[in-house]
Amino acid sequence: MQKSTSRFGVLNWDDLRYFLEVARTQRASAAARRLNVDHTTVARRVRELEAALGTILFDKSRVDGFTLTTDGQRLLRHADAVESAVHAASEQFAGTTQSLSGHIRIGSTEGFGCFFLAPQIARFAAVHDGLSIDMLPVPHFVSLSKREADMAITLERPERGQYVFTKLCDYRLRLYGTRDYFERRGPIRSVADLRHHPFIDYVADLAFSHELLYLNRTIPNVTASLRSTSVIAQYHAALQGNALAILPCFMATPNTTLVPILPDKIVVTRHFWLSSREDVRKLRRIVTLWDYLRAVADANRTLLMGESGEMAYVEP
């Protein structure tokens with residue numbers, strides 16, 4: 001079989017495998033472990049690929065490792081698509097008896113990713129040890145169109161693009177403070193009482209979604225004394241017992257230090273959406289993880305809605 005050529009030189013799939021692993025791990029040593037080769041082999045193959053293409057694919061430093069250049073980012077889109085096609089063909093001919101293998105990168109909101117998704121994905125990864133999974137729980141959007149991830153869990157439904165999506169679950173947020181806070185400040189009997197209390201909130205002009213700006217819409221005429229772009233930072237700040245914060249119930253309810261305030265009056269309901277790129281959605285590893293995430297979300301409805309502090313697990 002002839003190797004495919006580009007205007008730069010010659011490409012083959014084996015070269016792209018090395019390139020992809022270095023792009024994903026940003027370290028030759030980490031890529032070598034995934035490929036089961038020596039790290040000097042990885043570095044040599046990257047140099048050879050750059051020579052064949054006549055360009056530099058990575059900026060290399062001791063601190064940052066291998067960082068994609070503009071040409072590297074261009075090649076990544078093509079290499080990622082080639083990998084998806086190779087895996088799709090392999091799965092079609094291998095049937096369903098073969099164990100799951102390959103790479104999955106899933107992005108999510110920060111709080112959901114760290115407090116809910118991480119323990120669930122850890123169990124999934126332990127069962128499917130042939131998979132390589134990257135989790136990206138970050139306080140900003142992860143772009144599927146730029147191939148930053150194969151799947152994403154977001155606050156908002158994708159409006160355009162070549163995606164497959166479904167509503168993953170509803171979840172609730174409530175206002176929380178510590179038991180110590182109430183011992184010092186006294187009980188709160190009405191929404192009007194909240195005007196004299198300090199709050200923790202998002203930095204409004206840096207919030208990555210309008211959906212996060214619920215404090216002033218939920219409790220009028222209050223101001224925040226502390227702001228953060230991170231819901232996890234807000235959670236830990238609230239635990240210090242000096243201010244109140246609106247937090248997701250799945251984060252706050254399991255911690256008995258935090259107490260919901262006026263839970264029947266101050267409640268916010270939001271949704272998480274699960275989406276994937278169309279070109280990878282039918283891959284068996286994506287289908288399996290997609291179905292698993294829907295199952296664990298269904299099993300944890302009471303946790304997500306603030307009716308329970310216990311996390312449930314299902315068989316991966």
Side-chain angles (χ1 to χ4, degrees), residues 108-117 137-141 153-157 167-273 297 300-311:
S108 75
T109 57
E110 184 189 30
F112 190 72
C114 292
F115 280 73
F116 182 84
L117 199 61
V138 290
H140 58 75
F141 286 119
I153 297 172
T154 57
L155 295 170
E156 299 171 0
R157 183 178 67 180
K167 188 171 86 168
L168 180 63
C169 61
D170 295 325
Y171 72 101
R172 285 182 182 145
L173 306 96
R174 287 193 170 96
L175 182 65
Y176 290 91
T178 64
R179 297 180 186 277
D180 177 67
Y181 180 90
F182 295 114
E183 289 175 3
R184 288 185 284 107
R185 299 292 296 260
I188 297 171
R189 296 185 174 87
S190 69
V191 175
D193 291 344
L194 292 168
R195 286 178 295 178
H196 308 296
H197 290 263
F199 286 84
I200 303 163
D201 195 13
Y202 283 93
V203 182
D205 60 323
L206 296 178
F208 67 90
S209 171
H210 183 71
E211 293 290 329
L212 299 173
L213 304 179
Y214 29 66
L215 178 60
N216 287 329
R217 295 199 299 268
T218 306
I219 312 171
N221 303 316
V222 298
T223 58
S225 57
L226 175 63
R227 299 175 181 85
S228 174
T229 56
S230 165
V231 69
I232 296 178
Q234 294 175 37
Y235 167 82
H236 285 293
L239 284 172
Q240 302 311 302
N242 299 310
L244 309 177
I246 294 181
L247 299 168
C249 294
F250 61 80
M251 291 176 60
T253 304
N255 191 328
T256 56
T257 302
L258 293 169
V259 179
I261 304 165
L262 305 175
D264 295 329
K265 295 181 179 179
I266 302 175
V267 57
V268 180
T269 301
R270 290 290 184 267
H271 324 288
F272 283 125
W273 295 86
N300 282 280
R301 190 198 68 80
T302 57
L303 173 66
L304 295 167
M305 298 300 282
E307 299 165 4
S308 166
E310 296 292 326
M311 183 175 290

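Computed from a prediction, not measured in an experiment: that's the story for all the values here. Atom set for the values below is all heavy atoms of this structure, side chains included, hydrogens, waters and symmetry mates excluded.
- Nearest heavy atoms, I232 versus C114: CD1-SG, 3.6 Å.
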- Task: Could you give me the CA-CA distance, side-chain angles and deciding distance for L155 and W273, then say whether side chain to side chain contact (heavy atoms under 4.5 Å, CB included) is met?
- Result: CA-CA 6 Å; L155 295 170; W273 295 86; over 6 Å; no
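- In this structure the side chain of L173 never reaches within 4.5 angstrom of the side chain of L247, judged on heavy atoms.
- Between L194 and V222, the shortest heavy-atom contact is O-CG1, 3.8 Å.
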- Item | Stepwise side chain to side chain contact (heavy atoms under 4.5 Å, CB included) check, R301 with C169 | CA-CA 8 Å; R301 190 198 68 80; C169 61; over 6 Å; no
- Task: Carefully, step by step, assess D180 and T178 under the rule side-chain hydrogen bond (donor to acceptor under 3.5 Å, both in side chains).
- Result: CA-CA 5 Å; D180 177 67; T178 64; 4.9 Å; no
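- E211 contributes atom CD, which lies 10.5 Å from atom OG1 of T154 (distance to the nearest 0.5 angstrom).
- In this view, Y235 and F115 satisfy the ring pair (Phe, Tyr, Trp, His ring centres under 6.0 Å) rule, not counting sequence neighbours.
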- Query: side chain to side chain contact (heavy atoms under 4.5 Å, CB included) between V268 and R270: does it pass, once the steps are laid out?
  - Reply: CA-CA 7 Å; V268 180; R270 290 290 184 267; 3.4 Å; yes
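- In this structure the side chain of L304 never reaches within 4.5 angstrom of the side chain of D170, judged on heavy atoms.
- Between V267 and M305 the shortest side-chain heavy-atom distance does not fall below 4.5 Å.
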- List the steps and the verdict of side chain to side chain contact (heavy atoms under 4.5 Å, CB included) for I266 and I219. CA-CA 8 Å; I266 302 175; I219 312 171; 4.0 Å; yes
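- Partners of Y181 according to the ring pair (Phe, Tyr, Trp, His ring centres under 6.0 Å) rule, which considers only residues two or more places apart in sequence or in another chain, are H197.
- Between F112 and I153, some side-chain heavy-atom pair lies under the 4.5 Å cut-off.
- Atom CG of L226 sits about 10.0 Å away from atom CG of N242, to the nearest 0.5 Å.
- The nearest pair of heavy atoms linking S190 to L262 is C-CD1, 3.5 Å.
- Residues M251 and G111 approach most closely at SD-CA, 4.0 Å, considering heavy atoms.
- Using a 4.5 Å cut-off on side-chain heavy atoms (C-beta onward), I261 and F182 make contact.
- Distance check: D201 CG to L215 CG gives 4.5 Å after rounding to the nearest 0.5 Å.
- The shortest side-chain heavy-atom distance between P263 and R172 does not fall under the 4.5 Å cut-off.
- Note on residues 213-229: pairs passing side chain to side chain donor-acceptor pair (under 3.5 Å), not counting sequence neighbours, are H210-R217.
- Results of the side chain to side chain contact (heavy atoms under 4.5 Å, CB included) test with Q234 over Y176, Y202, F199 single out Y202 as the only residue that passes.
- A heavy-atom distance below 4.5 Å is not found between the side chains of R157 and K167.
- A 4.5 Å side-chain heavy-atom check between I246 and R174 finds every atom pair outside the cut-off.
- Ring pair F272/F250 is tilted by interplanar angle, where 30° to 60° counts as tilted.
- Interatomic distance, L303 CG to C249 SG, rounded to the nearest 0.5 Å: 9.0 Å.
- Between the NE2 atom in H236 and the CD1 atom in I200 there is a gap of 11.5 Å [rounded to 0.5 Å].
- Nearest heavy-atom pair, V231 versus P248, reported as atom, atom and distance to 0.1 Å: CG2-CD, 3.9 Å.
- The two residues V259 and R179 have their closest heavy-atom pair at CG2-CG, 3.4 Å.
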